[in-house]
Peer 1: 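So that we are looking at the same thing, I have put the structure below in C-alpha cells.
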Amino acid sequence: MSDQTKGFDTLAVHAGYEPDPATGARQVPIYQSTAYVFKDADHAARLFNLEEVGFIYSRLTNPTVGALANRVAALEGAAGGIACSSGHAAQIMALFPLMGPGRNIVASSRLYGGTITQFSQTIRRFGWSATFVDTDDLDAVEAAIDDDTRAIFCETIANPGGYVTDLDALAKIADRHGIPLIVDNTTATPWLCRPIEHGATLVVHSATKYLTGNGTVTGGIVVDSGKFDWAASDKFPSLSQPEPAYHGVKFSGLGSMAFTFHSIAVGLRDLGMTMNPQGAHYTLMGIETLGLRMERHVANARKVAEWLEGHDAVEAVTYAGLPSSPSYERAQRIVPKGAGALFTIALKGGYDACVKLVGALELFSHVANLGDTRSLVIHPASTTHRQLEAEQQMKAGAAPNVVRLSIGIEDVADIIADLEQALAKAG
Ligand SMILES: *Cc1c(COP(=O)(O)O)cnc(C)c1O
C-alpha cells in the first residue's frame with residue numbers, strides 16, 4: 001500500500017503493518033521474542049552487513065516495535081523512524097549520530113522542563129552542550145550558531161507555555177548553516193502539525209503522551225525526513241564517513257535511510273534505549289484513535305480556555321488558540337487545526353491560590369503527565385520545573401502563579417464545572 005496517498009486516519013490504523021503472513025493475525029501481534037532464526041549463514045551475514053532488512057535481536061529491531069516506528073514515520077511524512085524507551089531516550093538518540101565531544105546544539109529556551117535539564121546538565125557528560133535562545137529572536141538564533149553547532153532544537157507547541165514556534169523560520173536558518181532542525185512534536189502530534197512539511201529534518205516524540213494517549217506507556221520515537229544531505233559537509237562524520245563502530249560502513253550511502261539505519265545499527269545497538277514490544281503494542285492501539293482524540297482534545301481545550309479567560313480569578317490564559325495570545329497568528333499557520341490541549345493559566349491569587357486549586361480539583365488528576373484522555377493538572381513551579389533557576393522558570397512559562405492544564409476528552413461541561421468549583425475554593 002502506498003502510504004503517501006492515504007489520509008491521516010487511514011494511516012493511523014493501517015500504516016507499518018500487513019497481516020502476519022504466518023497466522024493472518026489482523027492486529028499487530030506482540031512479538032515477545034528476543035532473537036530471530038536466520039535462514040542460513042548467508043542470510044545472517046546479509047542482515048549484519050545491512051544488505052537485507054530483517055530481524056536479528058530485539059535490542060536493535062523487533063516486528064512490533066518496527067511497526068510502531070514505521071506507523072509514526074508514515075504519519076509524520078518521514079522516510080524512516082525508530083522507537084525508543086522514552087521521549088528523553090528519543091532526544092539522545094536524535095542527537096547521537098550528529099554529535100561528538102565539543103559539539104553543541106542551539107535550543108529553544110521554551111522547552112519541557114526535563115529537556116532543559118537534560119540539555120543544560122546531563123549531555124555535558126558526553127562533552128556536548130546546548131545554547132538556549134529565544135527562538136522568536138531570529139538574530140539571536142543565528143548568532144548562537146558556531147562552527148561546532150550540529151542542530152537547532154525546538155518544540156512545535158512549547159510545553160507548558162502554550163507557545164507556538166515558527167518552524168519555517170528556524171528551518172531556513174538551519175538550512176543556511178547546513179545543520180538539521182530537530183522538532184519535538186509531542187504536544188502537537190502529527191495530527192496538528194507535520195514539522196517535516198515546515199522544513200524539519202528530525203522529529204522526536206514522547207510516545208508517553210498523546211500518541212499512546214491514555215497514560216499506559218513510557219516511550220519515544222525519532223523520525224527522519226530522509227532529505228538531509230549528511231555528506232554535504234564534514235560536519236557529520238558518523239553518517240558521511242566510514243563508521244568505525246560498524247566495520248567502516250558509510251551510512252550516507254544508504255540514502256534517505258542513512259539516519260534510521262545508523263540509529264538502529266549503532267545507536268540502539270550500543271546505547272540500548274530500546275522500546276519493548278508490549279509498550280509498542282499499546283502505543284499502536286493508541287495511535288489508531290489519535291485523530292479522533294485530538295479532534296476532541298482541541299475542541300475541549302478551546303472551550304475551556306475561552307471560559308477561563310472570562311473568569312475573575314484568572315489573570316491570564318496562555319492558549320495559542322485564543323485571539324488574545326501572542327502566538328495566535330502563528331498558530332493559524334503552524335497548527336491550523338487547533339493549538340493543542342495543553343496550556344497554562346496564571347491566577348491572581350499567586351502561588352497559594354495555585355496550590356489550593358490543584359488540591360480542590362476532583363475530575364482533574366494531579367499528575368506529572370500530559371496528553372492523557374483524562375484531564376490533568378500540575379503546578380510546574382513546585383514540580384516539573386522545580387529544578388530550574390527562577391529565571392529559567394520564567395523563560396519556560398512556569399512562573400510561581402502558573403498552573404498547567406492538560407485538557408482531556410471528557411464532556412466539556414464536566415471539565416468546566418470542576419474548574420468552576422475549584423476556582424471558587426482557591427479564592
Ligand atoms: C514528556 C515529554 C518529554 C519526555 O518524554 P518521556 O517519555 O517522559 O521521557 C519530552 N518532551 C516533551 C514535550 C514532553 O512532554
Side-chain angles (χ1 to χ4, degrees), residues 65 68-69 72 76 81-95 105 107-123 130 132 135 151 153-165 167 182-193 195 200 202-223 271-276 279-280 282-283 286-287 294 297 301 318 320 334-335 339-344 367-372 376-378 380 383-385 387-388 396-398 404-408:
V65 177
L68 169 62
V72 178
E76 288 283 6
I82 45 159
C84 320
S85 49
S86 70
H88 271 1
Q91 291 169 190
I92 297 295
M93 287 291 295
L95 294 178
I105 58 170
S108 170
S109 52
R110 298 181 190 85
L111 294 176
Y112 177 73
T115 304
I116 292 180
T117 307
Q118 187 187 53
F119 287 175
S120 60
Q121 308 292 333
T122 303
I123 64 170
F132 293 95
T135 49
F153 188 101
C154 68
E155 294 176 5
T156 310
I157 306 176
N159 162 16
Y163 161 92
V164 177
T165 305
L167 302 181
I182 307 177
V183 177
D184 181 338
N185 200 32
T186 299
T187 54
T189 83
W191 193 76
L192 292 174
C193 177
L202 301 175
V203 179
V204 297
H205 279 281
S206 167
T208 315
K209 315 292 170 52
Y210 293 105
L211 293 184
T212 307
N214 46 29
T216 49
V217 167
T218 304
I221 310 275
V222 186
V223 300
L271 301 178
M273 298 170 169
T274 309
M275 186 184 258
N276 66 84
Y282 286 139
T283 303
I287 289 174
M294 291 311 292
H297 275 297
T318 63
I334 306 286
V335 282
L342 185 75
F343 59 87
T344 57
V367 296
N369 194 16
L370 60 94
D372 196 309
L376 312 175
V377 62
I378 199 158
T383 56
T384 50
H385 287 60
Q387 268 118 44
L388 304 185
R404 185 186 78 191
L405 304 175
S406 173
I407 304 300

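One-based numbering, in listed order, for ligands and for the atoms of each.
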Peer 1: Distance-only, no hydrogens or angles: does the Gln118 side chain make a donor-acceptor pair with backbone N or O of His88 under 3.5 Å?
Peer 2: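 Indeed, once roles are kept as given, a pair shorter than 3.5 Å links the two residues.
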Peer 1: Quick one: does Ser108's side chain have a donor or acceptor within less than 3.5 Å of a partner on Leu111's backbone?
Peer 2: no
Peer 1: Does Gly371 offer a backbone N or O that forms a donor-acceptor pair with the side chain of Ser406 under 3.5 Å?
Peer 2: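 Yes: the side chain of Ser406 pairs with the backbone of Gly371.
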Peer 1: Distance-only, no hydrogens or angles: does the Gln91 side chain make a donor-acceptor pair with backbone N or O of Val204 under 3.5 Å?
Peer 2: no
Peer 1: In this structure, are over 12 heavy atoms from other groups packed under 6.0 Å from Tyr282 atom OH?
Peer 2: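 At most 12 heavy atoms, drawn from other residues, nucleotides or ligands, come within 6.0 Å of this atom.
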Peer 1: One pair per line, please: each N/O atom of ligand 1 matched with every protein N/O atom under 3.5 Å away, atom names first, then the distance to 0.1 Å.
Peer 2:
from     : atom 1 : to     : atom 2 : distance (Å)
ligand 1 : 5 (O)  : Ser206 : OG     : 3.0
ligand 1 : 7 (O)  : Gly87  : N      : 2.8
ligand 1 : 7 (O)  : Ser206 : OG     : 2.8
ligand 1 : 7 (O)  : Thr208 : OG1    : 2.6
ligand 1 : 9 (O)  : Gly87  : N      : 3.0
ligand 1 : 9 (O)  : His88  : N      : 2.9
ligand 1 : 11 (N) : Asp184 : OD2    : 2.7
ligand 1 : 15 (O) : Asn159 : ND2    : 3.4
ligand 1 : 15 (O) : Lys209 : NZ     : 2.7

Peer 1: Does any N or O in the side chain of Thr165 come within less than 3.5 Å of the main-chain N or O of Glu155, such that one atom is a donor and the other an acceptor?
Peer 2: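 Yes, the answer is positive, given that a donor and an acceptor are paired below the 3.5 Å cut-off.
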